[in-house]
Amino acid sequence: MLDQIRDLYQEVVFDHNRNPRNFRVMEDANRKIEGFNPLCGDRITLYAKVIDGLIEDVSFQGSGCAISTASASLMTEIVKGQTEQEAEQLFELFHRITTGKNGDEVNLEALGKLAVLAGVRAYPARVKCATLAWHSLQSALKNDGETVSTE
Amino acid sequence: MSQPQPRFDLTKIRADFPILSQTINRHPLVYLDNAASTQKPKPVIDAIRKVYEEDYSNVHRGVHTLSQRCTDLFESAREKVQTFLNAKHGHEIIFVRGTTEAINLVAQTYGRKNVGPGDEILITAMEHHSNIVPWQMLCEAAGAVLKVAPISGTGELLLDGFAALLSERTRLVSVTHMSNALGTINPVEQIIAMAHARGIPVLLDGAQSAPHMTVDVQALDCDFYAFSGHKLYGPSGIGVLYGKESLLKAMPAWQGGGDMIRRVTFEKTEYNELPYKFEAGTPNIADTIALGAAIDYVNAIGVDAIAEHEHHLLAYATERALQIPELTLIGTAPHKGAILSFTLDHIHPHDIGTLLDQLGIAIRAGHHCAMPVMDFFEVPATARASFGLYNTCEEVDVLMDGIRQVIKMFG
């Protein structure tokens, strides 16, 4: 009966929710930020080690729903080793696709693994879950060191 | 468990609520988010339509026929609320936007006049944000202190802890009659007796209690009581502040404007009498009249019959929920209203909410505007099913089956 929602709750999402990657405190991080979704109470602490514009390491801690946990986990996997600029561009693409309308033409290929989360655009109430980690990353890269909120 | 039948015809009642007969995601709607807001029966919808089609005009102003007719309808809604709460006087009923505005009104008028530096306001650890933030704002402005009475692991107020926080500096006690996040019904008779023994007035947040139990403000002897129309099968944007006449009379006016004045010159303004002193500007006319229709509707069924039916639903839902090993109930007070707050092992409430919606089941997932309650139970959020007069045991079965499907999906 719940099969219709498999476009959002794909096996990859369950996998990352059960076993989030890079789910650890980073002792030698030079960027750290608290992300918060006041709507559902999700909290994330994002750690990054950025040297000469390169994201050498990124990790997270926190509690959230399956969508936000899987999104954070996938994000850390993908942006690790990217330049800040590459990560920024990917966020823009991800944001455009998750907040776009259903009929909009989207280039899912460019998203790579992140494409599994594209289905969230059909569930507007959950888009913030998918983008919390990304907003946190963006803030961490800007190094403004404040708590980010999705509101 | 046997499923006792309500004292009213449930099939007929459900037919009064047009919104209930739809499908959501190809499943019949199962609406279990009544603590957030209730659906509206036809008589309420018709009342709004009738006002605009036949009776509408501004109130308390014109000498023409429509203005008189509309004023009569508006004021008869006040009488209905007065009877509903068993208030002594009609002018003790102040129309506001909702419970939140009612509490803010008391904080900004009674509070500003009577609360000074070092004084204290006492609330409890199970309050909705709307019974926390207005007091924080007042305390910050006045240099006063907000005191919070503790609760137990079952979600009950610890009366000894409450008593210990009553002091000679306490200027007001403001507590929820029934918790929106936990369902707990507070022992307000004892709370009021303890506060009154020290001469401290008590405000009851009745947002959850008004729809689910008989409220008699004179028997309770509460000083203020606030509730919202939209949780009582009435429209949103209309609510009530009840206050004892002596207190309301002594309170300064709140918002300035038309209707709340007796005489205005540029030098000085004389304020109008109760209740108009607190009702500046053109009120929410149609929704006030429709709130009267909602009260008529509820009275025709009987508040006690509704409470009994909801109690059965809660008992049945609780029994079925306890059979699910992965489910933890949040809020297990023996004296509870029809709210089932729960968590599932390793599944976030937001995921539960989205997945149940796929089955046509509407529940609330989140912190329920009670973040301190979530912190106390060390959960980021809960899932909450809350019942209203039109819910059925079959719907409880659909919910429990849905919960099992969600658990299965998460493996």
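Each chain gets a letter, A, B and so on, in the order the sequences are listed, and its residues count up from 1. Computed over heavy atoms, backbone and side chain alike; hydrogens, waters and symmetry mates excluded. No experiment lies behind these values; they were computed from the predicted model shown.
- Of the two parts of Met374(B), neither the backbone nor the side chain holds a non-hydrogen atom closer than 4.5 Å to a non-hydrogen atom of chain A.
- Ranked by heavy-atom pairs under 4.5 Å with chain A, the list Lys408(B), His346(B), Arg26(B), Met371(B) is led by Arg26(B).
- Atom OG1 of Thr354(B) sits about 7.5 Å away from atom CD1 of Ile67(A), to the nearest 0.5 Å.
- In this structure, chain B has no heavy atom under 4.5 Å from any part of Arg43(A).
- Residues Met409(B) and Phe14(A) are in side-chain contact: their nearest non-hydrogen atoms beyond the backbone lie under 4.5 Å apart.
- The distance from atom CG of Asn17(A) to atom CD1 of Ile347(B), rounded to the nearest 0.5 Å, is 9.0 Å.
- Heavy-atom neighbours of Arg14(B) CZ from other residues, nucleotides or ligands within 6.0 Å: above the threshold of 12.
- In terms of modelled atom types and a separation under 3.5 Å, the side chain of Asp351(B) and the main chain of Ala66(A) share a donor-acceptor contact.
- Between chain A and the residues Asp357(B), Val379(B), Leu355(B), the largest count of heavy-atom pairs under 4.5 Å involves Leu355(B).
- Residues Gln358(B) and Tyr123(A) have side chains in contact (heavy-atom distance under 4.5 Å, counting atoms from C-beta outward).
- Counting only N and O atoms by type, the side chains of His350(B) and Asp42(A) include no donor and acceptor under 3.5 Å apart.
- Asp28(A) CG: more than 12 foreign heavy atoms inside a 6.0 Å radius.
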